[in-house]
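Right, one structure below, let's go through it.
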Amino acid sequence: MSMKEIIAKRAAKELQPYSVINLGIGIPTLVTNYVDTTLFYFHTENGMLGVKELEDRENFDPLLVNAGKLPVGEQEGSSFFHSADSFGMIRGGHVDTAILGALQVDEKGLIANWAVPGQNILGVGGAMDLLVGAKKVIVTTSHTTKNGDPKIVESCKYPITSTRQIDMIITELAVFEFIDNELVLTELGPEATIKEVIEKTGATFKISEALQMEVGEK
């Protein structure tokens, strides 16, 4: 299983049946591979509720796409609406969970996921609205950059997307939750160790008592 698949599979466990879920671009779109999509309502900010994976990748409607402009399928009972109404759903608090990617996440729970200084910006997308309006926000990301630099940092160097604190970070090495405004390591990824997570994380964090007891480390 690839790094991205490990992260997406773990994120899928956080979804509640019959909830409304918005998936960001990249790793979040893989989450649908690990759930029964008939039990969830996948939402896209460009105007659709009831997104599902394509059943036939050779025969699809090119006008039916998600927010990342990738072709998608229609779940039975899906609905279509104006993009403004779709953002109204987000801002009105009708999205239960948003799963987003990130360039950086800091120890206060702020994320940067829309711009790298000095590089072209393709578009802000719906992340700003989702961070404000979604009831729960989960970040799925590789633990480090391609150069090995930590993505979980003391303070974001890139422009932050919102002042809202996210709820959870899932990487291939670890699961972190923000508990009482503190970053807490609650779970290790397959074959990961606490020592490895500490070495590859640029932020200060606590380790949950349950995890300490599970691995026998303090």
Side-chain angles (χ1 to χ4, degrees), residues 8 11-12 14-33 35-57 59-105 109-117 119-141 156 158-170 178:
E14 296 299 317
L15 302 184
Q16 299 298 316
Y18 307 109
S19 59
V20 176
I21 301 144
N22 186 293
L23 301 176
I25 298 170
I27 293 174
T29 62
L30 301 177
V31 171
T32 56
N33 294 336
V35 297
D36 179 350
T37 55
T38 63
L39 299 179
F40 303 90
Y41 302 104
F42 287 100
H43 167 272
T44 176
E45 54 263 44
N46 56 340
M48 183 177 176
L49 183 64
V51 175
K52 76 170 187 178
E53 286 294 296
L54 285 175
E55 294 179 352
D56 182 355
R57 295 189 177 277
N59 182 24
F60 57 86
D61 183 347
L63 298 179
L64 196 62
V65 297
N66 61 18
K69 299 180 177 58
L70 297 174
V72 295
E74 299 167 89
Q75 188 176 0
E76 184 176 352
S78 60
S79 58
F80 301 87
F81 32 84
H82 193 282
S83 180
D85 295 325
S86 189
F87 275 84
M89 290 176 64
I90 297 170
R91 295 171 187 176
H94 303 293
V95 172
D96 295 297
T97 304
I99 303 180
L100 304 174
L103 297 166
Q104 291 180 328
V105 190
L110 304 181
I111 75 168
N113 76 344
W114 67 283
V116 177
Q119 295 188 15
N120 291 332
I121 299 173
L122 296 178
V124 175
M128 293 179 179
D129 295 84
L130 288 162
L131 277 159
V132 172
K135 296 171 185 171
K136 180 177 182 178
V137 177
I138 301 169
V139 163
T140 55
T141 180
C156 291
Y158 298 153
I160 62 170
T161 310
S162 166
T163 56
R164 182 253 177 92
Q165 181 186 69
I166 63 161
D167 299 284
M168 177 178 280
I169 307 168
I170 299 174
F178 285 90

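Just so you know, these numbers come straight off a predicted model, no measurement behind them.
Checked options V20, N22, D96; the residue passing with Y41 is V20 (criterion: side-chain contact (heavy atoms from CB on, under 4.5 Å)).
Across all non-hydrogen atoms, the minimal contact from W114 to T161 is CD1-OG1, 3.4 Å. Considering all non-hydrogen atoms of both residues, P28 and G101 come closest at CG-N, 3.9 Å. Scanning both residues, M168 and I166, for their nearest heavy atoms gives O-CD1, 3.5 Å. Listed here is the closest heavy atom pair of A127 and N113: CB-ND2, 3.6 Å. A pairwise comparison of heavy atoms in V72 and V65 identifies CG2-C, 3.9 Å as the closest pair. Here the shortest heavy-atom pairing between T29 and I25 reads CG2-CA, 4.3 Å.
Here the side chain of E53 pairs no donor or acceptor atom with the backbone of N33 at under 3.5 angstrom.
Counting non-hydrogen atoms of other residues, nucleotides and ligands closer than 6.0 Å to CD of Q165 gives a total above 12.
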Review item, side-chain donor-acceptor pairs of residues 76-89, under 3.5 Å, at least two apart:
residue: S78; atom: OG; partner: Q75; partner atom: O; Å: 3.1
residue: H82; atom: ND1; partner: A84; partner atom: N; Å: 2.8
residue: S83; atom: OG; partner: E45; partner atom: O; Å: 3.3
residue: S86; atom: OG; partner: H43; partner atom: NE2; Å: 2.9
residue: S86; atom: OG; partner: T44; partner atom: O; Å: 3.1
residue: S86; atom: OG; partner: E45; partner atom: O; Å: 3.2

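By the 4.5 Å heavy-atom criterion applied to side chains, I99 and L15 are counted as neighbours. For the pair N46 and K69, the minimum side-chain heavy-atom distance is 4.5 Å or more. Side-chain contact between F40 and T97 is absent, with no heavy-atom pair separated by less than 4.5 Å.
Separating the CD atom in E55 from the CD atom in E74 is a distance of 10.5 Å, to the nearest 0.5 Å. Note that CG of L70 and CG of L64 are 12.0 Å apart. Values are rounded to the nearest 0.5 Å. The distance from the OG1 atom of T141 to the CG atom of L100 is 11.0 Å, given to the nearest 0.5 Å. For the atom pair CD1 (I160) and CE (M128), the distance works out to 9.5 Å, reported to the nearest 0.5 Å. Separating the OG atom in S162 from the CG atom in D129 is a distance of 9.5 Å, to the nearest 0.5 Å.
With sequence neighbours left out, the side chain to side chain contact (heavy atoms under 4.5 Å, CB included) criterion links D167 to K136, V137, R164. Listed by chain and residue number, T38 satisfy the side-chain hydrogen bond (donor to acceptor under 3.5 Å, both in side chains) test with D36 (two or more places apart in sequence, or in another chain).
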